[in-house]
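Quick note: residue numbers are just sequence positions, from 1.
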Amino acid sequence: MRCYLACVFLLFTATSVSALERLHDLTVADYPLGEHRYLVYIEDKASGNLKSAAIWQRNVSEAEYQGQAVIKTEQHWRSPDGKSDRDILSYNRIDNFQPLYHRSHSAKGDEAFVFTEQQIVGDAHLANNQKADFSLRHQPGLLNWELDMETFALLELNQQQSVTLPFYHPGSKTEPALYTYQVSSKDYQPPYGAARPCWVLRYSDGEKYQVDFWLDKSSGQVIYMQEQWGNTLRYKIKIS
């Protein structure tokens with residue numbers, strides 16, 4: 001694991017200068033503060049049948065964590081059957097959006113992690129933390145994959161540019177990895193209203209997985225996402 005991480009971040013330093021240059025010296029004004037709501041649904045590609053649906057509410061604000069000013073992100077996922085409901089809390093540094101703390105609650109239980117300069121560890125102070133014994137070496141530059149949409153809003157993008165970001169889902173068995181997104185410029189036509197100029201970030205594993213994030217050029221926020229793996233399609237549509 002340690003060798004893998006070292007190689008990952010050496011590669012990141014060499015290939016992703018544009019992203020690194022953007023994710024530093026940030027101020028609160030750079031962040032998409034406020035409440036943002038998304039309709040998230042999954043359908044079968046062949047039949048078009050709806051498999052699940054939920055509303056995701058994401059609240060981004062300035063707050064205080066352990067005596068320092070931070071960016072606080074709260075997520076509340078709600079579905080009709082309650083099976084995919086989650087409540088997520090994240091604290092990140094303002095100047096570079098590096099994670100400091102991450103906690104989630106769902107029907108599966110509670111998970112919480114503290115990020116230091118050296119390690120990602122389970123929060124031993126949270127009762128019933130299922131990941132209390134978790135420990136992973138932490139490398140500088142690692143980004144919280146649960147905040148991908150908020151991360152994208154901080155990037156300065158250009159036509160035909162590619163952006164490589166080192167994402168990790170806190171507590172996941174999937175190791176931290178580099179993800180390269182190809183950038184293009186297109187107009188997004190919503191179901192109502194005028195077309196909106198967007199940057200499109202596309203990631204594909206070259207086999208069965210592909211995702212496109214459409215970012216409004218005026219705000220940097222994700223307003224539409226389409227994801228495909230196998231015969232499954234997932235959509236995120238910003239509704240407010």
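Judged as a side chain to side chain contact (heavy atoms under 4.5 Å, CB included), and not counting sequence neighbours, the contacts of His76 are Gln57, Asn59, Glu74, Arg78, Asp87. The salt bridge (Lys or Arg N to Asp or Glu O under 4.0 Å) search around Asp212 returns Arg202, not counting sequence neighbours. Evaluation of the salt bridge (Lys or Arg N to Asp or Glu O under 4.0 Å) rule for Asp216 yields Arg196 as partners, not counting sequence neighbours. Tyr31 meets the ring pair (Phe, Tyr, Trp, His ring centres under 6.0 Å) test with Phe97; sequence neighbours excluded. Scanning for side chain to side chain contact (heavy atoms under 4.5 Å, CB included) contacts around Ile55 gives Arg37, Leu39, Ile239, with sequence neighbours left out. Residues passing the ring pair (Phe, Tyr, Trp, His ring centres under 6.0 Å) test with Tyr179, sequence neighbours excluded: Trp145, Tyr203. Listed by chain and number, the residues in a side chain to side chain contact (heavy atoms under 4.5 Å, CB included) with Val121 are Val114, Gln119, Ser135 (sequence neighbours excluded). Remark: Ala124 engages no residue in a side chain to side chain contact (heavy atoms under 4.5 Å, CB included) (not counting sequence neighbours). Applying the salt bridge (Lys or Arg N to Asp or Glu O under 4.0 Å) rule to Arg103 yields no partners; only residues at least two apart in sequence or on another chain are considered.
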field: Worked check of ring pair (Phe, Tyr, Trp, His ring centres under 6.0 Å) between Phe134 and Phe113
entry: CA-CA 8 Å; Phe134 182 86; Phe113 308 90; 5.4 Å; yes

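Counted within 6.0 Å of CG on Asp205, heavy atoms from surrounding residues, nucleotides or ligands total more than 12; the atom is thus considered enclosed. More than 12 heavy-atom neighbours from other residues, nucleotides or ligands sit within 6.0 angstrom of CG on Asp81. No more than 12 heavy-atom neighbours from other residues, nucleotides or ligands sit within 6.0 angstrom of NZ on Lys208.
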Donor-acceptor pairs are to be reported for all side-chain atoms of residues 62-72 against protein atoms at under 3.5 Å, with residues two or more places apart or in another chain.
none

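Here the closest non-hydrogen pair linking Ser162 and Thr180 is CB-CG2, 4.0 Å. Of all non-hydrogen atoms in Val222 and Tyr38, the two that sit nearest each other are O-OH, 2.6 Å. For the residue pair Gly109 and Gln130, the shortest heavy atom distance occurs at CA-NE2, 3.6 Å. In plain terms, the two heavy atoms of Trp199 and Ser185 that are nearest each other are CZ3-CB, 3.9 Å. Taking both residues in full, the closest heavy atoms of Asn144 and Pro170 are given as OD1-CD, 3.2 Å, listed atom of the first, atom of the second, then distance. Considering all non-hydrogen atoms of both residues, Ala53 and Pro80 come closest at O-CD, 3.2 Å.
In this structure, a donor-acceptor pair under 3.5 Å is present between the side chains of Gln226 and Tyr224. At a cut-off of 3.5 Å, with distance as the only test, a side-chain donor of Arg58 or Gln75 sits close to an acceptor on the other residue. If you check the side chains of Ser79 and Ser84, you find a donor sitting under 3.5 Å from an acceptor. With 3.5 Å as the limit, one finds no donor-acceptor pair spanning the side chains of Asn96 and His24. With 3.5 Å as the limit, one finds no donor-acceptor pair spanning the side chains of His138 and Glu117. A donor atom on one side chain and an acceptor atom on the other are not found under 3.5 Å apart for Tyr101 and Asn92. Between the side chains of Thr73 and Ser90, not a single donor N or O lies within less than 3.5 Å of an accepting N or O. Side chains of Ser52 and Lys83: no donor on one and acceptor on the other come within 3.5 Å. Using modelled atom types and a 3.5 Å distance limit, the side chains of Asp44 and Ser47 yield a donor-acceptor pair.
The closest side-chain heavy-atom distance from Trp56 to His36 is not below 4.5 Å. Between Leu165 and Leu178, the closest side-chain pair of non-hydrogen atoms is not below 4.5 Å. Residues Pro176 and Leu142 are in side-chain contact: their nearest non-hydrogen atoms beyond the backbone lie under 4.5 Å apart.
Counting only distance, with no hydrogens or angles, the side chain of Asn129 and the backbone of Asp123 share a donor-acceptor pair below 3.5 Å. At least one donor-acceptor pair closer than 3.5 Å links the side chain of Gln189 to the backbone N or O of Gly193.
Sorted by first then second residue, the salt bridge (Lys or Arg N to Asp or Glu O under 4.0 Å) pairs that include residues 222-237, not counting sequence neighbours, are Glu227-Arg234.
Residues Phe213 and Ile223 fall into different hydrophobic clusters, defined by Ile, Leu, Val, Met, Phe, Trp and Tyr side chains chained together at heavy-atom separations under 4.5 Å. Linking ILVMFWY residues whenever their side-chain heavy atoms come closer than 4.5 Å, directly or via other members, leaves Met225 and Ile42 in distinct clusters. A single hydrophobic cluster is not seen to contain both Leu100 and Tyr168; linkage of ILVMFWY side chains at heavy-atom distances under 4.5 Å, directly or through other members, places them apart.
In this structure, Leu126 stands alone, with no Ile, Leu, Val, Met, Phe, Trp or Tyr side-chain heavy atom under 4.5 Å from its own, directly or through other members.
Phe152 and Tyr181 have their aromatic ring centers within a separation under 6.0 angstrom.
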